[in-house]
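What you see is a predicted model, and the numbers here were worked out from it, not measured in a lab. All heavy atoms count here, side chains included; hydrogens, waters and symmetry mates do not.
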Amino acid sequence: MSIHAPQGTALTSASDARAYDLDRAHVFHSWSAQGSLKPLVIAGGQGSRVWDDSGHTYLDFSSQLVNTNIGHQHPRVVEAIKKQAETLTTIAPTTANLVRGEAAERITDIAPVGFNKVFFTNAGADAVENAIRMARIHTGRDKVLSTYRSYHGNTGSAIVATGDWRRIPNEYARGHVHFFGPYLYRSEFWSTTPEQEAERALHHLRRVIESEGPASIAALLLETIPGTAGIMIPPPGYLPGVRALADEFGIMLILDEVMAGFGRTGEWLALDAYDVVPDLITFAKGVNSGYVPAGGVIISDPVAATFDDQVFPGGLTYSGHPLAMASIVATIEAMNEEGIVDNAATIGTDHIAPGLAALAEKHDVIGEVRGTGVFWALELVADRETREPLPAATMGRIKSDLIARNLIPFTMENRIHVVPPCVVTPDEVAEAISIYDDVLGSL
């Protein structure tokens, strides 16, 4: 007997009902009060769509957790995993293995010049964790500065580096300091132009560095484009200004590309659109669309050289797991040969941007549209003049109504994040825009 399926998605399939019942009986979900959960049952997927066994098909404009960049069940990636499974399913990270080396080579080929080593992890959080460790050892310093509007993962240092509410019950790691990054729509600096916002945010950061003591700071940790916090495109000059401050004070710059990397912004890495080269780059998600858990740190040559004769005190049993490595190689090859990164750029410019702009013209509830590639946000407000955020109850209704219209959304606070796979088509974008239009028009 089904416990209580989500509204509008009656489970007519026995397998769906069993999946739902088993989930509610035994699965403990992240970031959730367990008793009120009513998760969707998903049994399969292809491209930008997923479905259950009861006949419900959904357009996935969440990319799950903004990670299925190459879409669901890309045949080339699935086949590579199968082939690798037939050859070697697992091997210790202390060994040399061809597919691991090929994955590292593919990744460094798209990194900036001067990045030739990759440390593989299981996900984005432990990538950030190990990048922080590398920066601390390389500099001999302790503090890590990151922004309040950020998310870096749910492990010890990564969650404390995170700026949002999730760090507060988890503040057990040491040496973390937060500052405000640029966000012109809700400026902390009374700015009225992007140029002012960049200049004033950089002045604020300089004062934080000076006040904390530059000689105590190991790293500045930034998402190249903050994702979960609101897809906030950095204003012109900001990231180069951060790089200049890091250089001035001998601080490492870590750019977190876990969500923004590997095609999401219409570039291989989001940093490619900005005049900035960090010291360490973290990645996960889009590198293989999460087909097998994987992440890592792309390491600049000077940082890598630190550990030529000094032991790096870190490692993971599944670092460079063969199945994950095979999926990375196949993903990057498919993205290259099928023009998937270019598709993300074109879709963003020619379809998502004008489609969302038209929605903003029509619906006063949209306070701002921002984004690039297939990485966009609609900031929803109760009042355009005051910019008062739309309340949680209304956002909950919007999410439910979108799902009822067979679209899986990514909602966060008062925002809808429009984040389809990089393989999304113009027709699918038009379909999603129509659904957003219907739901926002019903408020």
Side-chain angles (χ1 to χ4, degrees), residues 61-63 65-69 110-112 124-125 127-128 131 145-153 158 161-164 178-188 194 197-198 201-202 205 220-243 246 253-278 280-287 295 298 341 344-345 347-349 352-353 356 368-379 410 412-413 415-422:
F61 262 54
S62 69
S63 294
L65 287 174
V66 198
N67 65 297
T68 54
N69 291 11
I110 65 172
V128 171
L145 273 56
S146 53
T147 63
Y148 281 107
R149 295 186 180 97
S150 66
Y151 180 73
H152 295 289
T162 291
D164 71 27
H178 292 86
F179 62 95
F180 286 104
Y183 181 21
L184 183 59
Y185 188 70
R186 300 189 183 280
S187 177
E188 302 293 337
E197 184 74 354
L202 287 168
L205 176 55
L220 293 166
L221 169 62
L222 297 176
E223 293 172 272
T224 310
I225 298 175
T228 304
I231 309 181
M232 295 177 290
I233 306 298
Y238 181 71
L239 288 176
V242 173
R243 174 74 268 181
L253 175 58
I254 305 170
L255 287 184
D256 182 341
E257 294 259 347
V258 168
M259 187 175 284
F262 291 91
R264 176 58 49 187
T265 66
E267 306 276 357
W268 272 107
L269 297 174
L271 62 85
D272 292 341
Y274 304 95
D275 184 21
V276 61
V277 177
L280 295 162
I281 303 165
T282 62
F283 69 90
K285 292 186 185 285
V287 72
I298 316 174
V341 177
I347 285 287
T349 300
I352 297 179
L356 297 184
E368 184 175 57
V369 175
R370 54 182 181 264
T372 183
V374 287
F375 203 36
W376 292 80
L378 294 174
E379 178 136 1
F410 188 110
M412 179 62 65
E413 297 180 347
R415 302 180 303 274
I416 300 172
H417 292 194
V418 181
V419 285
C422 299

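When every heavy atom of Ile110 is checked against every heavy atom of Leu269, the shortest pair comes out as O-CD1, 3.9 Å. Scanning all heavy atoms of the two residues, the minimum distance from Ala260 to Phe375 falls at CB-CE2, 4.0 Å. Of all non-hydrogen atoms in Tyr274 and Ile225, the two that sit nearest each other are OH-CD1, 3.9 Å. Considering all non-hydrogen atoms of both residues, Pro112 and Ile281 come closest at CD-CD1, 3.7 Å. Between Ser150 and Ala229, the shortest heavy-atom contact is N-CB, 3.7 Å. In terms of heavy atoms, His417 sits closest to Thr228 at CE1-O, 3.6 Å.
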*Quick one: do Leu205 and Leu220 satisfy side-chain contact (heavy atoms from CB on, under 4.5 Å)? Show the steps, please.*
CA-CA 10 Å; Leu205 176 55; Leu220 293 166; 4.0 Å; yes
*asked:* For a side-chain contact (heavy atoms from CB on, under 4.5 Å) check, start with the C-alpha distance between Val418 and Val369, then their side-chain angles and the critical distance, and finish with the verdict.
replied: CA-CA 10 Å; Val418 181; Val369 175; over 6 Å; no
*Does the pair Tyr185 and Glu379 meet the rule for a side-chain contact (heavy atoms from CB on, under 4.5 Å), with working shown?*
CA-CA 9 Å; Tyr185 188 70; Glu379 178 136 1; 3.8 Å; yes
_Pair Phe410-Ile231, side-chain contact (heavy atoms from CB on, under 4.5 Å): steps then yes or no_ = CA-CA 12 Å; Phe410 188 110; Ile231 309 181; over 6 Å; no
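Proximity of Val287 to Asn69: side-chain heavy atoms (C-beta onward) are nowhere separated by under 4.5 Å. A 4.5 Å side-chain heavy-atom check between Val277 and Leu271 finds every atom pair outside the cut-off. The side-chain heavy atoms of Leu222 and Val242, taken from C-beta on, include a pair separated by under 4.5 Å. Side-chain contact between Thr282 and Ile254 is present, with at least one heavy-atom pair separated by less than 4.5 Å.
In summary, Glu223 and Arg149 do not engage in a salt bridge, as defined by a charged side-chain N under 4.0 Å from a carboxylate O. Between Glu257 and Lys285 there is no salt bridge, since no side-chain nitrogen of the basic residue lies less than 4.0 Å from a carboxylate oxygen of the acidic one.
No donor-acceptor pair closer than 3.5 Å links the side chain of Asp272 to the backbone N or O of Ala270. Checking side-chain atoms of Ser146 against main-chain N and O of Ala161 turns up a donor-acceptor pair under 3.5 Å. Not a single donor-acceptor pair under 3.5 Å links the side chain of Ser187 to the backbone N or O of Tyr183. Judged by distance alone, the side chain of Thr162 and the main-chain N or O of His152 form a donor-acceptor pair under 3.5 Å.
Here the CD atom belonging to Glu368 is positioned 11.0 Å from the CZ atom belonging to Arg415, to the nearest 0.5 angstrom. Taken to the nearest 0.5 Å, the OG1 atom of Thr224 stands 12.5 Å off from the CE atom of Met259.
When only modelled atom types and interatomic distance are considered, Ser63 and Arg264 share a side-chain donor-acceptor pair under 3.5 Å.
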